[in-house]
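Remember, it's 1-based here, ligands and their atoms both numbered in the order they're listed. Remember, it's a predicted structure, so these values are computed and weren't measured experimentally.
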Amino acid sequence: MKSVDKLTSAEAEKELDRLAKEIARHDRAYHGADAPEISDAEYDALRRRNNEIEERFPLLVRADSPSHRVGARASDKFAKVRHRVPMLSLDNAFSDEDVADFLGRVRRFLGLKDDEEIAVTAETKIDGLSASLRYENGVLVQGATRGDGQEGEDITANLKTISDVPLRLKGKPPAVLEVRGEVYMTHKAFAALNKRQEQDSKPTYANPRNSAAGSVRQLDPGITASRALNFFAYSWGDISELPSKAHSGMLEKFESYGLPVNPETRRCETLKDILKFYHAIAAKRARLGYDIDGVVYKVDRLDWQERLGFVSRSPRWATAHKFPAEQAETVLEGIEIQVGRTGKLAPVARLKPVTVGGVVVANATLHNEDEIARLDARIGDSVVIQRAGDVIPQILRVILEKRPKSAKPYKFPDTCPVCGSHAVREVDEKTGKSDVDRRCTGGLICDAQTVERLKYFVGRDQFDIEGLGGTLIELFHDKGLLKEPADIFALTEKSAKVAKVLAEHRAALSEERRAAGGKEPAKTTAKKKDEGDGKQVENLMGAIERRRTIGLDRLINALGIRHVGETTARLLARRYLTLNAFLEAMKGDNALEELQHIEGIGGVVAEAIHDFFDEPHNVKALNRLLQWLTVQDMAAPAKSSPVSGKTVVFTGTLERMTRQEAKARAESLGAKVSGSVSAKTDIVVAGPGAGSKLKDAQKHNVQVMDEDAWLKLIS
Ligand code: IVH
């Protein structure tokens with residue numbers, strides 16, 4: 001990504017547009033569905049980039065800029081509550097210098113001397129969801145979520161079920177006191193809840209924060225009450241009078257009213273104190289029993305807070321000091337082997353569940369057998385794991401000092417755990433090196449590969465069967481309807497069974513949703529529902545039926561032969577043109593040699609194709625499939641076409657055809673379509689919005705034409 005100071009104004013504008021959309025989407029995922037797609041650190045990075053660009057290009061700040069908003073809008077399930085004092089967010093610090101800068105900014109803003117100490121209250125940053133509790137004359141009258149900071153949801157009944165939340169305050173609280181704090185779930189409660197969900201075959205939660213959010217936003221307070229939730233108070237909104245002159249004093253008062261305040265909270269006098277607090281909490285983090293994602297520093301003097309005020313969405317008087325890269329220590333409890341579509345045996349580490357950056361991690365990839373050897377990972381070892389962004393967590397290293405005597409070295413299997421076939425590591429004939437991956441040789445008889453192969457088979461570049469996605473493939477496979485590609489077409493003769501399976505699946509889904517407390521879809525009459533199901537089956541049958549005619553290239557691609565994707569499949573189809581010619585050639589004794597002579601097909605690929613047709617299981621399955629199909633010959637490239645042998649590049653927007661169509665058409669006329677312009681390019685077809693490729697064409701003196709001229713040329 002380009003650094004902010006290198007962006008042109010046009011790039012900045014585009015980037016702000018992208019960021020606004022992306023942040024809004026993540027806000028919706030986070031607050032609306034309680035299922036964030038990215039980590040907090042990544043989300044923060046998006047917001048930071050947005051703010052940095054806005055700082056450099058103030059004229060480009062959008063009306064709907066994420067910097068004007070705190071988070072997602074309230075959902076429409078609950079009544080709305082307008083916050084009298086907005087519920088804001090916090091600025092972030094990621095390093096010791098950032099913290100020093102924060103104090104520097106405070107000093108400068110207040111006009112203090114450089115060496116003047118600024119006392120802060122240091123608190124843990126609880127990873128839950130913020131809530132506001134309004135007490136009038138000491139009685140809890142309303143509870144709300146943050147929502148977008150201006151308007152939240154009325155969740156009074158739910159918050160009242162949390163045992164930490166006093167219904168009546170002790171002592172002499174202000175007549176109006178809106179307490180703000182965080183609702184969270186302890187690790188213990190989270191594990192118990194997920195176990196219960198699992199036992200009841202209900203969906204489990206990804207992390208304690210999601211489960212706290214999901215639990216608080218239940219329409220039935222009975223469900224909230226059944227979930228062990230906790231609360232820490234850390235701030236306030238509307239207040240009739242301030243009972244203290246310092247933030248730390250306010251929290252002491254809160255405690256005296258019977259409100260729970262985090263026990264780690266400390267008043268720190270100097271930067272040194274602050275950083276000591278940070279490191280002490282970081283060291284203690286794993287033992288706290290609940291998730292925190294940093295610590296928060298708040299200028300202690302309330303008169304200074306008042307003067308410092310706010311900047312856009314966060315107070316100038318506070319900052320959150322976040323914890324760095326998400327690593328954690330846990331125990332390797334086992335290694336399991338998963339078998340992929342290509343038969344690859346992928347070792348997966350089963351870990352003692354641990355929270356890494358707000359997500360509970362119970363599995364990590366171990367890549368392959370060499371990686372296990374490199375790490376010398378043994379069952380029972382303590383390991384350091386890392387979660388970076390959305391990627392699957394990895395094991396970084398084994399903590400040898402902690403290796404128990406009982407730790408067992410792992411023996412990688414040489415048979416497939418799914419079908420029992422031999423699992424081998426291919427050896428490259430030229431280099432003599434063996435492949436890093438061990439693969440099952442079971443091909444189409446291996447169940448693990450079957451499901452994955454079927455999913456691939458119906459994919460967009462293969463048979464492209466509308467309405468038949470991964471979920472249905474799995475469902476039909478579970479119900480014994482699908483085992484191999486031919487079975488997909490046999491479904492058209494089993495529509496009653498298909499309808500029954502679909503109806504049962506739908507019933508199970510809506511039961512799951514109901515049990516999880518979600519909204520039921522609007523009630524439909526039994527008749528309407530039957531019609532709906534009937535329609536789905538009819539559509540599906542139609543979609544399958546339509547694909548009984550298929551191009552040779554797509555068919556070859558769909559077979560899922562190792563190393564054979566769209567490009568190689570097209571090369572093969574072009575070489576043999578008809579299905580019969582192709583099958584004959586593959587049967588022949590010199591098939592391998594022939595394959596090796598096709599331009600664009602290398603030794604390893606040729607070997608894989610040959611192996612596929614050498615396996616009788618595969619040939620039989622293919623023959624069963626062909627009973628259902630009409631395979632279209634590949635059109636021979638027209639030798640006499642004005643573009644045969646030419647290299648063509650398409651750029652910009654094409655208005656009369658899709659890019660895919662243009663490419664297919666050009667190739668059928670014998671042209672080679674390339675993605676980039678070089679001196680070897682013959683023609684560049686440029687539509688509106690063409691950019692650098694057009695410039696490249698000029699540079700290399702390549703003929704450029706628009707779409708109409710191109711169509712005329714090939715017509
Ligand atoms: S103070 C105006 N203190 O962090 C000050 N927030 O990233 C607003 N949070 O929305 C918040 N622990 O949900 C504050 N000790 C703490 C906190 C805390 C967790 C959450 C809170 C806030 C978010 C900001």
Notebook entry, point to check: How about H187 and D291: does a side-chain donor come under 3.5 Å of a side-chain acceptor?
Noted result: yes
Check: Do D300 and S248 have side-chain atoms, one donor and one acceptor, less than 3.5 Å apart?
Finding: yes
Could you see which bit of [X] sits under 4.0 Å from ligand 1, with heavy atoms only: side chain, backbone, both or neither?
X    : value
R146 : side chain
L90  : both
N262 : neither
K125 : both

Note to self: Would I126 count as a polar contact of ligand 1, with the cut-off being nitrogen or oxygen pairs under 3.5 Å?
What the structure shows: yes
Margin query: Polar contacts were defined as any N/O atom of the residue lying under 3.5 Å from an N/O atom of the ligand; does this apply to T124 and ligand 1?
Written below: yes
One thing to verify: whether [Y] and [X] come together as a salt bridge, which I'm taking to mean a side-chain N less than 4.0 angstrom from a carboxylate O.
X    : Y    : answer
K298 : E123 : yes
R105 : D101 : no
E151 : K80  : no
E15  : R18  : yes

Which of the atoms in ligand 1, numbered in the order shown and given with their element, are less than 4.0 Å from a heavy-atom of [X]?
X    : value
P315 : 2 (C)
E123 : 3 (N), 15 (N), 16 (C)
L88  : 8 (C), 10 (O)
S89  : 7 (O), 24 (C)

Next item on the list: Output yes when a side-chain donor or acceptor of R227 lies under 3.5 Å from a complementary backbone atom of A212, and no otherwise.
Entry: no
Say whether [X] and ligand 1 are in contact under the criterion: heavy-atom distance to a ligand atom below 4.0 Å.
X    : answer
M87  : no
I292 : no
K298 : yes

Check: Which pairs count as salt bridge (charged side-chain N to carboxylate O under 4.0 Å, His left out) when at least one residue sits in residues 165-181, sequence neighbours excluded?
Finding: R134-E178, E178-R180
Next item on the list: Please work out whether the ring planes of Y278 and F323 are parallel, tilted or perpendicular, with thresholds of 30° and 60°.
Entry: tilted
